[in-house]
Amino acid sequence: MNIEVLTLFPEQFPGPLTAGVTGRGLAAGRVNLRVHNLRDYTHDRHRQVDDVPYGGGAGMVLKPEPIFEAVRARAGKGPVILLTPQGELLNQELVRELAGYDDLYLICGRYEGVDERVATHLVDREVSVGDYVLTGGELPAMVLIDAVCRLVAGVLGSEASPKDESFDQRLLEYPHYTRPALFEGHPVPEVLLSGHHAEIERWRRSQAVERTRRRRPDLLDRQQG
Ligand SMILES: C[S@@+](CC[C@H](N)C(=O)[O-])C[C@H]1O[C@@H](n2cnc3c(N)ncnc32)[C@H](O)[C@@H]1O
């Protein structure tokens, strides 16, 4: 899979993505990350990428021309995604969908955001990583890349690993325990020591449903709806 990123801060990439599973996925070429500096698509002496907002107000807005030029210069055909707190919330369903493309193009905003014509006439999707405002789209892009990367075939050690994880079948995952069986007086649930696979499966399923009901009833509601 090819992922391109357009940013004012290319030096932030690949950053934390070099560690662990994503790092190995990048090194092995399962995911190719190309990072473009937005300033490389300007043509003035000051390489200006932002300007004051029409109508007044605080802050600067990223100009449309360099962003349009950058996206039009791309080779890929997959969706162009603008990271914005106003977009659809990133969830595992969307991650799965995005992981199905051969390539993605991610645009990171800064300052007050980007000229609205980018959203209305250039991008295919607007994606948010949560209901809070960050200073730039770089961390959201890395979150999206990390989540997508681990679903790309061959990136995770075991192909089966993403199955049963939280949000698979709209359930949170069951709890995990490892050795020791008794830690500071807290035992591991008996059933997990039983070696009885069918019972362990049943227990895990009921734990997943129960903790989803307690912590994220909205996931179950959506399942029923
Ligand atoms: C300070 S924010 C702009 C917020 C904008 N003025 C608003 O109120 O919607 C600057 C950039 O950070 C990125 N950003 C901030 N929070 C985000 C979030 N929750 N999800 C995705 N991107 C975000 C976007 O790329 C955005 O253009």
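One-based numbering, in listed order, for ligands and for the atoms of each. Numbers for residues simply follow the sequence, beginning at 1.
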(message) Quick test of your reading: applying side-chain hydrogen bond (donor to acceptor under 3.5 Å, both in side chains), list the pairs with at least one residue in residues 182-199, sequence neighbours left out, ordered by first then second residue.
(response) none
(request) Describe, in one word, how the ring planes of Tyr105 and His36 are oriented to each other, choosing from parallel (under 30°), tilted (30 to 60°) and perpendicular (over 60°). (result) parallel
(request) Within a distance under 4.0 Å of any heavy atom of Tyr132, pick out the atoms of ligand 1 and give their elements. (result) 16 (N), 18 (C), 19 (N)
(request) Flag the pair Glu210 and Arg214 as a salt bridge only when some basic side-chain nitrogen lies within less than 4.0 angstrom of an acidic carboxylate oxygen. (result) yes
(request) Say whether Glu112, considering both its backbone and side-chain N or O atoms, lies within less than 3.5 Å of an N or O atom on ligand 1. (result) yes
(request) Measure the distance from atom 22 (N) of ligand 1 to every protein heavy atom, then report the residue, atom name and distance (to 0.1 Å) of the closest one. (result) Thr84 N, 3.3 Å
(message) Checking the N or O distance criterion of under 3.5 Å, is ligand 1 in contact with Ile107?
(response) no
(message) Given Gly57, Pro85, Ala141, identify the one with the heavy atom nearest to atom 23 (C) of ligand 1.
(response) Pro85
(request) List every atom of ligand 1 that sits less than 4.0 Å from any heavy atom of Gly137, numbering the atoms from 1 in the order shown and giving each element. (result) 12 (O), 13 (C), 25 (O)
(request) Using a 4.0 Å heavy-atom threshold (strictly under), name the region of Leu82 that reaches ligand 1: side chain, backbone, both or neither. (result) neither
(message) Quick check against the 3.5 Å criterion: does Asp103 have a side-chain atom that pairs as donor or acceptor with the backbone of Gly78?
(response) yes
(message) So if I count the atoms of ligand 1 from 1 in the order they appear, which ones are less than 4.0 Å from some heavy atom of Leu134?
(response) 1 (C), 2 (S), 10 (C), 12 (O), 15 (C), 16 (N)
(message) So if I count the atoms of ligand 1 from 1 in the order they appear, which ones are less than 4.0 Å from some heavy atom of Val127?
(response) 21 (C)
(request) If a pair satisfies salt bridge (Lys or Arg N to Asp or Glu O under 4.0 Å) and one of its residues is in residues 47-59, list it, with sequence neighbours excluded. (result) Asp40-Arg47
(request) Check ligand 1 against Gln86 and write out every atom of the ligand that is under 4.0 Å from a heavy-atom position of the residue. (result) 7 (C), 9 (O)
(request) Give me the one residue out of Leu62, Val123, Val49 that meets side-chain contact (heavy atoms from CB on, under 4.5 Å) with Ile67. (result) Leu62
(request) Return yes when Val114 approaches ligand 1 closer than 4.0 angstrom through a heavy atom, no otherwise. (result) no
(message) Please evaluate residues Ile145 and Thr22 with respect to the criterion side-chain contact (heavy atoms from CB on, under 4.5 Å), reporting the C-alpha separation (whole Å), side-chain torsions for both, the decisive distance (0.1 Å), and the verdict.
(response) CA-CA 9 Å; Ile145 294 168; Thr22 50; over 6 Å; no
(request) Considering the heavy atoms of Gly113, write down every atom of ligand 1 situated less than 4.0 Å from one of them. (result) 27 (O)
(request) Measure the distance from atom 20 (N) of ligand 1 to every protein heavy atom, then report the residue, atom name and distance (to 0.1 Å) of the closest one. (result) Val129 N, 3.1 Å
(request) Identify, for atom 10 (C) of ligand 1, the protein heavy atom at the shortest distance, and state residue, atom and that distance. (result) Tyr111 O, 3.3 Å
(request) Would you mind running through ligand 1 and noting each atom that sits below 4.0 Å from a heavy atom of Gly130? (result) 19 (N)
(request) Do me a favour and list the nearest non-hydrogen protein atom to atom 25 (O) of ligand 1 with residue, atom name and distance? (result) Leu83 O, 2.6 Å
(message) Tell me whether Glu93 is salt-bridged to Arg96, with the criterion being a basic N under 4.0 Å from an acidic carboxylate O.
(response) no
(message) Is it the case that the side chain of Thr212 and the backbone of Leu172 share a donor-acceptor pair, with hydrogens and angles ignored and the cut-off at 3.5 Å?
(response) yes
(message) With a cutoff of 4.0 Å, is Asp131 in contact with ligand 1, counting heavy atoms of the residue only?
(response) no
(message) Could you tell me, atom by atom, which parts of ligand 1 come under 4.0 Å of a heavy atom of Pro140?
(response) 21 (C), 22 (N), 23 (C)
(message) Treating Thr18 as the side-chain partner and Pro14 as the backbone partner, does any N or O pair qualify as donor plus acceptor under 3.5 Å?
(response) no
(message) Under a 3.5 Å cutoff, is there a donor and acceptor pairing between the side chains of Glu126 and Thr84?
(response) no
